[in-house]
Amino acid sequence: MRIGELARRSGVSERSLRYYETQGLLRAERTPGGQRTYGEWAVDRVIRIQALYAAGLNSKKIAQLLPCMRDADGAASEIATPRLVDELAAERDRIDRMIVDLIRSRDVLDEVIATASTGVHTSAVSRADGTGP
């Protein structure tokens, strides 16, 4: 498939696909005219790259990881090293810490919203019954 079709099917811009190629994350064959072509495997690969970026991994880490993943199902291949597993566990721990921080931030916002809502409600009631400003 051509780059435009891959972009459409994966939901990623053509510019991003070219960037992935320069980072060694995606490989394209070339037609005699120099146009990029990709196999069906590329759709899963691009979706997986997007998921890894969303998890906070950088392109260098993703480039290390991708050869250790099978494109069809995303499971680890036989070439995954113990060091890579340790690095991925550290990334997972980092994500877990981010989740805890986000939950803490959400809880603070919930408290502020609840307090502000009570104040807004009280103020509106006071105005309605003529006791407020």
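Residues: numbered from 1 along the sequence shown. Computed from a predicted structure; not experimentally measured.
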Using side chain to side chain contact (heavy atoms under 4.5 Å, CB included), reason through Val46 and Trp41 one step at a time and then give a plain yes or no.
CA-CA 9 Å; Val46 171; Trp41 59 269; over 6 Å; no

Might you work through the salt bridge (charged side-chain N to carboxylate O under 4.0 Å, His left out) test for Glu87 and Arg94, ending with a clear yes or no?
CA-CA 11 Å; Glu87 290 174 2; Arg94 182 189 61 78; over 6 Å; no

Show the numbers, then the answer: is there a side chain to side chain contact (heavy atoms under 4.5 Å, CB included) between Asp110 and Arg106?
CA-CA 6 Å; Asp110 285 345; Arg106 184 192 61 199; 4.1 Å; yes

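For Arg83, the CZ atom counts as loosely surrounded, since its 6.0 Å shell holds 12 or fewer non-hydrogen atoms of other residues, nucleotides or ligands.
To the nearest 0.5 angstrom, Thr37 atom OG1 is 9.5 Å from Met1 atom CE. Note that OG of Ser10 is 9.0 Å distant from CD1 of Ile49, once rounded to the nearest 0.5 Å. Atom CG of residue Leu57 and atom CD1 of residue Ile95 lie 6.5 Å apart, to the nearest 0.5 angstrom. Considering CG of Leu52 and CD1 of Ile47, their distance stands at 12.0 Å, rounded to 0.5 Å. Distance check: Ile3 CD1 to Glu5 CD gives 12.0 Å after rounding to the nearest 0.5 Å. Leu65 CG to Ser59 OG: the interatomic distance, rounded to the nearest 0.5 Å, is 12.5 Å.
Side-chain contact check for Gln35 and Arg2: at least one donor-acceptor pair (N or O, by modelled atom type) lies under 3.5 Å. In this structure, a donor-acceptor pair under 3.5 Å is absent between the side chains of Thr118 and Thr115.
By the criterion of side-chain heavy atoms lying less than 4.5 angstrom apart, applied directly or through intervening Ile, Leu, Val, Met, Phe, Trp or Tyr residues, Val85 is not grouped with Ile62; the two fall into different hydrophobic clusters.
Across Ser13 and Ala7, no two heavy atoms sit closer than the pair C-CB, 4.2 Å.
Ionic pairing of Arg36 and Glu29 is not present here: no N-O contact between side-chain nitrogen and carboxylate oxygen is shorter than 4.0 angstrom. By the 4.0 Å N-to-carboxylate-O rule, Arg8 lies too far from Glu14 to be salt-bridged with it. Taking a cutoff of 4.0 Å between a charged side-chain nitrogen and a carboxylate oxygen, Arg97 and Glu91 do not qualify as a salt bridge. At a threshold of 4.0 Å, the pair Asp101-Arg104 counts as salt-bridged, since one of the basic side-chain nitrogens sits closer than that to a carboxylate oxygen.
The backbone N or O of Val12 lies less than 3.5 Å from no partner atom in the side chain of Ser16, so there is not a single donor-acceptor pair.
With a 4.5 Å cut-off on side-chain heavy atoms, Leu26 and Tyr38 count as touching. Side chains of Arg27 and Arg45 form no contact here, defined as non-hydrogen atoms less than 4.5 Å apart.
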